[in-house]
Amino acid sequence: MPDVSPDIDLIRSQLVAWYDAHARSLPWRAAFGAARTEPYRVWLSEVMLQQTTVPHATPYFHAFTTRWPTVSDLAAAEDAEVMGAWAGLGYYARARNLLACARAVAGEHGGVFPDTEAALLTLPGVGAYTAAAVASIAFDRAANVVDGNVERVMARLFAVETPVPAARPELRRLAGLFVTDERPGDWAQALMDLGATVCRPKSPSCGTCPVASECLGLATGDPARFPMKTKKADRPHRRGAAYVLIDDQGRIAVETRPEKGLLGGMLGLPTSDWTTGEPVAAAPVEADWRDAGAVEHVFTHFSLTLAVMTARVDADGPYRWMPIEAARAALPTVFAKALDRASAPDLFG
DNA sequence: AATGCGTGGCA
DNA sequence: TTGCCAAGCAT
């Protein structure tokens with residue numbers, strides 16, 4: 001490794017110049033020459049992009065901004081509308097907090113987003129990253145915006161050998177060396193764009209990198225090995241059942257899941273417990289059950305084999321009955337898969 | 001501070 | 001096919 005340190009000012013100027021030429025056109029960014037993007041759109045996009053890819057989030061961003069053009073519109077929405085609109089995007093606590101945040105902005109801030117990092121940080125679902133991102137991008141305030149992209153770029157620029165997550169404080173400190181009052185929002189987005197398009201997790205494109213000359217990671221000959229990572233624990237496997245009760249009007253039984261925990265606050269199908277041991281075969285009601293087969297699904301911290309059981313019944317019991325298509329649209333993916341399995345030809349014969 | 005929390009795309 | 005992972009947050 002060369003016995004030099006990356007030139008902070010040089011990196012700043014070269015990366016901002018690169019951003020001026022290569023910034024991605026994204027639906028939540030103001031068109032060139034337009035006024036600064038609405039804080040509402042910045043905040044909404046940042047929440048949707050937490051642990052989520054741009055292609056996955058994009059149609060949801062369009063759907064939300066069309067249906068709820070302002071934060072006050074969103075604040076006035078019903079819980080079930082918002083949770084249903086988020087279905088399929090994952091990490092559903094984000095949707096619960098999104099609505100709580102919109103209502104806080106509407107109710108406690110007169111419908112106007114607070115414009116400081118500290119005030120933003122008090123809002124539901126707004127953590128260190130999102131507060132800094134909104135403060136810098138929407139309000140041009142100097143803020144240390146550190147996401148996974150920024151961590152990776154810093155780990156490579158400085159060839160940080162400490163594995164994440166232990167290295168996080170050091171990576172944050174390094175990112176802070178670049179923060180100034182000069183175009184803070186553009187700096188943050190330049191760094192994240194670089195991470196997303198050039199300094200990618202796998203096969204970084206160092207040949208087109210505007211700051212390659214300053215990168216200690218590249219100088220080691222193997223920049224892709226940064227950031228170092230500690231091995232994750234293996235994902236356990238669970239088994240369980242989901243029950244599709246269908247009545248004579250083509251409606252199915254659904255329930256709203258508890259606020260906390262997996263798929264919290266979302267619409268769901270009746271289920272058994274999902275366990276690592278032998279599955280518990282206790283149907284929720286007496287009926288002529290048919291085995292529709294199983295679906296596989298992978299959550300962050302466990303994988304699941306879900307047996308799908310179907311039965312025709314009279315609408316009754318502790319459930320809500322919804323037309324099958326309306327339910328399909330509002331269910332999280334694991335249950336949408338189960339419903340699709342239950343709806344396969346002949347299963348309701 | 002370690003853990004719980006989704007999904008879909010890709011090598 | 002299987003693992004890895006993508007703009008984190010709450011507790």
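A note on names: the letters A, B, ... follow the listed sequences, proteins ahead of strands, and every chain is numbered from 1.
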J.: Using atom P of each nucleotide, how far apart are dA6(C) and dC5(B) to the nearest Å?
T.: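 dA6(C) and dC5(B) have their P atoms separated by 22 Å.
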J.: Over all strands shown, is Trp86(A) touching base, sugar-phosphate only, or nothing at heavy-atom distances under 4.0 angstrom?
T.: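 The residue Trp86(A) makes no contact with any strand.
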J.: Less than 4.0 angstrom between a side-chain N/O of Lys229(A) and OP1 or OP2 of dC5(C), yes or no?
T.: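 For dC5(C), OP1/OP2 do have a side-chain N/O of Lys229(A) under 4.0 Å.
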J.: Starting at atom CZ of Arg168(A), determine the distance to atom C1' of dC9(C), rounded to an integer number of angstrom.
T.: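 Going from Arg168(A) (CZ) to dC9(C) (C1'), I get 12 Å.
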J.: Quick one: Leu99(A) CG to dA10(C) C1', roughly how many Å, whole number?
T.: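 Taking atom C1' of dA10(C) as the reference, CG of Leu99(A) is at 17 Å.
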J.: Consider only side-chain N and O atoms of Thr52(A) and Arg94(A), and report whether a donor and an acceptor are under 3.5 Å apart.
T.: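 Yes, Arg94(A) and Thr52(A) have a side-chain donor paired with an acceptor closer than 3.5 Å.
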J.: In whole angstrom, give the distance that lies between atom CG of Leu98(A) and atom P of dA10(C).
T.: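 Taking CG of Leu98(A) and P of dA10(C), I get 12 Å after rounding.
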J.: Between Glu325(A) and Arg328(A), is there a salt bridge with N-O shorter than 4.0 Å?
T.: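 Looking at Arg328(A) and Glu325(A), the cut-off is not met.
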J.: Could you tell me whether Leu121(A) contacts a base, only the sugar-phosphate backbone, or nothing, with contacts defined as non-hydrogen atoms closer than 4.0 Å?
T.: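 Here Leu121(A) touches no strand at all.
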J.: Does Pro55(A) reach a base, just sugar-phosphate, or nothing at all? Heavy atoms under 4.0 Å.
T.: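 Nothing, no nucleic acid heavy atom in range.
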J.: Which is more 5' along DNA chain C, the nucleotide nearest Leu123(A) or the one nearest Arg24(A)? Just name the residue.
T.: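 The 5'-side residue here is Arg24(A).
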J.: Where along nucleotides 4-11 of chain B does protein come under 4.0 Å, by heavy atom, of base (B) or sugar-phosphate alone (S), with - for untouched nucleotides?
T.: SBBBS---
J.: Let me know the distance between CD of Glu117(A) and P of dC9(C), rounded to the nearest Å.
T.: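 One finds 11 Å between P of dC9(C) and CD of Glu117(A), rounded.
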J.: Any salt bridge between Arg225(A) and Glu161(A), counting N to O under 4.0 Å?
T.: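 Yes, this pair counts.
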J.: Using distance alone, with no hydrogens and no angle criterion, decide if Asp73(A) and Thr70(A) have a side-chain donor and acceptor under 3.5 Å apart.
T.: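 There is such a pair between these side chains.
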J.: Expressed in angstrom and rounded to an integer, what is the separation of Lys232(A) atom NZ from dA2(B) atom C1'?
T.: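 Rounded to the whole Å, the gap is 14 Å.
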J.: Using whole Å, what does the distance between atom C1' of nucleotide dG8(C) and atom CG of Leu44(A) come to?
T.: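 Result: 16 Å.
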J.: Tell me the interatomic distance from Glu151(A), atom CD, to dG8(C), atom C1', rounded to whole angstroms.
T.: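 Computing the Glu151(A):CD to dG8(C):C1' distance gives 10 Å.
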J.: Work out how far the P atom of dT11(C) is from that of dG6(B), and round it to whole angstrom.
T.: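 After rounding to an integer number of Å, I get 14 Å for this pair.
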J.: Could you state the CZ-C1' distance from Arg200(A) to dC4(C), rounded to the nearest angstrom?
T.: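 From Arg200(A) CZ to dC4(C) C1': 16 Å.
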J.: At 4.0 Å (heavy atoms only), tell me whether Val150(A) reaches a base, stays on the sugar-phosphate, or touches nothing.
T.: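 No contact at all - Val150(A) keeps every heavy atom at 4.0 Å or more from the nucleic acid.
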J.: Between Phe64(A) and Trp86(A), is the ring centroid distance below 6.0 Å?
T.: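 Ring centres of Trp86(A) and Phe64(A) closer than 6.0 Å.
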J.: Base, sugar-phosphate or nothing for Ala196(A)? Non-hydrogen atoms, less than 4.0 Å.
T.: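 No contact at all - Ala196(A) keeps every heavy atom at 4.0 Å or more from the nucleic acid.
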J.: When you check the gap from the basic side-chain N to the acidic O, do Asp273(A) and Arg238(A) get nearer than 4.0 Å?
T.: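 Judged by the 4.0 Å cut-off on N to carboxylate O distance, Asp273(A) and Arg238(A) do not form a salt bridge.
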J.: Would you say Arg29(A) and Ser45(A) are linked by a side-chain donor-acceptor pair, where the criterion is simply a distance under 3.5 Å?
T.: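 No - no donor-acceptor pair under 3.5 Å links their side chains.
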J.: Which is true for Ser45(A) with a 4.0 Å heavy-atom rule: it touches a base, it touches only sugar-phosphate, or it touches nothing?
T.: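 Nothing: the residue Ser45(A), judged by heavy atoms under 4.0 Å, touches no strand.
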J.: Indicate whether the side chain of Gln50(A) and that of Tyr129(A) have a donor and an acceptor atom separated by less than 3.5 Å.
T.: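 No, no side-chain donor-acceptor contact under 3.5 Å.
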J.: Between Gly125(A) and Pro201(A), who's closer to the 5' end of DNA chain C by nearest nucleotide?
T.: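 Nearest-nucleotide comparison on DNA chain C picks Pro201(A).
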